[in-house]
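Whatever order the structure lists ligands and atoms in, that order sets their numbers, starting from 1. Heavy-atom basis, side chains included; hydrogens, waters and symmetry copies ignored.
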Amino acid sequence: MNKQTTLRDLYLEHKKGKVSSKWESYFTIYERHLEGLRLKRLNMVEIGVQNGGSLDLWSQYFPFAQICGIDVDHRVSKLVYETNRISVLVGAASSKEVISKVQANFPNGLDIVIDDGSHRSKDTVYNFVNYFHLLKPGGLFIVEDMHAGYWHEFGGGINEPLSCIGFFKNLIDLINIEHSRDTFNLDDLFGKYFPQGVKPVCLKTQSIAAITAYNSVFIIEKASDRLAPKLGSVVIVGSEAIVNDKVSPEVVRAP
Ligand SMILES: C[S@@+](CC[C@H](N)C(=O)[O-])C[C@H]1O[C@@H](n2cnc3c(N)ncnc32)[C@H](O)[C@@H]1O
């Protein structure tokens with residue numbers, strides 16, 4: 001593989017074979033987050049296969065990855081791939097059967113999950129809670145087409161109580177909850193999304209390192225040693241503090 005071939009180039013050169021469509025801006029976003037992972041032996045899931053072209057292109061972009069596509073449309077079972085690095089599961093992504101098969105196929109966990117499924121807010125929230133906890137530390141959960149999160153016909157909307165947009169905004173509070181001086185807890189943030197009372201394991205403090213929101217693409221990174229979710233201790237360096245001597249090495253020393 002030519003290491004310089006970007007995802008955009010792979011897409012633009014893909015004139016024959018299975019169809020895939022992506023918004024143009026996604027290529028820059030993907031390159032920014034995924035370029036450094038290209039030669040790793042990744043375990044990857046893409047929710048939403050349709051014509052199957054994206055699985056083909058991901059397998060070229062990640063030449064050592066095992067890639068599993070999931071689609072509720074049974075016609076995806078007809079898709080045939082030249083590489084055994086690609087597999088396809090038929091069923092709803094958040095069904096128990098499909099989740100169990102993914103866990104069985106990837107007992108060591110996942111590195112990347114892309115949700116390009118229905119884009120209905122409820123599915124988006126449930127796919128996140130059902131797959132984020134299967135990620136390895138540092139793994140990425142990527143949601144495409146978040147613009148649908150603003151659309152009422154997809155269960156979304158800025159003020160829609162159960163929209164996935166609101167859910168992901170709450171993840172910002174989850175990341176920073178240790179600093180809140182208001183009295184609220186995780187149930188206040190997420191309880192309404194799970195009225196049956198089940199508390200998803202990933203929605204606990206210090207499980208998420210970062211959430212990056214682009215136009216229509218959200219990327220949520222699982223906490224790891226490399227990117228810990230803790231604020232840590234304050235690091236003060238230098239020896240002169242002529243404006244505010246409370247900020248000086250005498251007060252708090254760098255470790
Ligand atoms: C936008 S298409 C996927 C396109 C593909 N990822 C690509 O880039 O070419 C969305 C697909 O998600 C599938 N889908 C919808 N709801 C789903 C669900 N709950 N679980 C799994 N797949 C679903 C649809 O059947 C459809 O084929």
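Note that Arg120 lies in the cation-pi zone of Phe154, set by a 6.0 Å cut-off to the ring centre and a 45° limit from the axis.
Using a 4.0 Å heavy-atom cutoff, Gly91 is listed among the residues neighbouring ligand 1. Within the structure, ligand 1 lacks Gly53 among the residues with a heavy atom less than 4.0 angstrom away.
Glu31 and Tyr61 share a side-chain donor-acceptor pair at under 3.5 Å. Residues Ser216 and Asp145 have side chains that never bring a donor and an acceptor to within less than 3.5 angstrom of each other.
Between Lys230 and Glu178, no side-chain nitrogen of the basic residue sits less than 4.0 Å from a carboxylate oxygen of the acidic one, so the salt-bridge criterion is not met. Salt bridge annotation for Arg226-Glu221: present, with a cationic side-chain nitrogen under 4.0 angstrom from a carboxylate oxygen.
Those atoms of ligand 1 that come under 4.0 Å of a heavy atom in Ser54, given as number and element, are 5 (C), 6 (N), 7 (C), 8 (O), 9 (O). Atoms of ligand 1 found under 4.0 Å from any heavy atom of Glu46, numbered from 1 in the order shown, are 6 (N). Each of the atoms 2 (S), 3 (C), 4 (C), 27 (O) of ligand 1 lies under 4.0 Å from some heavy atom of Gln50. Using a 4.0 Å cut-off to heavy atoms of Ala92, the atoms of ligand 1 that qualify are 20 (N). Using a 4.0 Å cut-off to heavy atoms of Asp73, the atoms of ligand 1 that qualify are 25 (O). Close approach to Ser118 involves these atoms of ligand 1, each under 4.0 Å from a residue heavy atom: 15 (C), 16 (N).
Looking at Ser21 against ligand 1, only its backbone comes within 4.0 Å, counting heavy atoms. Of all the heavy atoms of Val49, the ones lying under 4.0 Å from any atom of ligand 1 belong exclusively to the backbone.
Considering backbone and side-chain N/O of Val72, one or more are found under 3.5 Å from N/O of ligand 1. Considering backbone and side-chain N/O of Asp71, one or more are found under 3.5 Å from N/O of ligand 1. Taking any N or O of Gly48, backbone or side chain, at least one lies under 3.5 Å from an N or O belonging to ligand 1. Considering backbone and side-chain atoms together, Ala93 places an N or O closer than 3.5 Å to an N or O of ligand 1.
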*Decide yes or no on ring pair (Phe, Tyr, Trp, His ring centres under 6.0 Å) for Tyr11 and Phe27, but give the supporting numbers first.*
CA-CA 9 Å; Tyr11 261 77; Phe27 299 123; 5.0 Å; yes

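The closest protein non-hydrogen atom to atom 9 (O) of ligand 1 is Ser20 OG, 2.9 Å. Looking only at heavy atoms of the protein, atom 8 (O) of ligand 1 is closest to Lys22 NZ, 2.9 Å.
The aromatic ring centroids of Tyr214 and Trp23 lie 6.0 Å or more from each other. Checked against a 6.0 Å centroid threshold, the rings of Phe128 and Phe168 count as neighbours.
Residues passing the salt bridge (Lys or Arg N to Asp or Glu O under 4.0 Å) test with Lys22, sequence neighbours excluded: Glu46, Asp116, Glu144. Partners of Arg41 according to the side chain to side chain contact (heavy atoms under 4.5 Å, CB included) rule, which considers only residues two or more places apart in sequence or in another chain, are Phe64.
Nearest to atom 6 (N) of ligand 1 by heavy-atom distance, out of Asp123, Asp145, Asp116, is Asp116.
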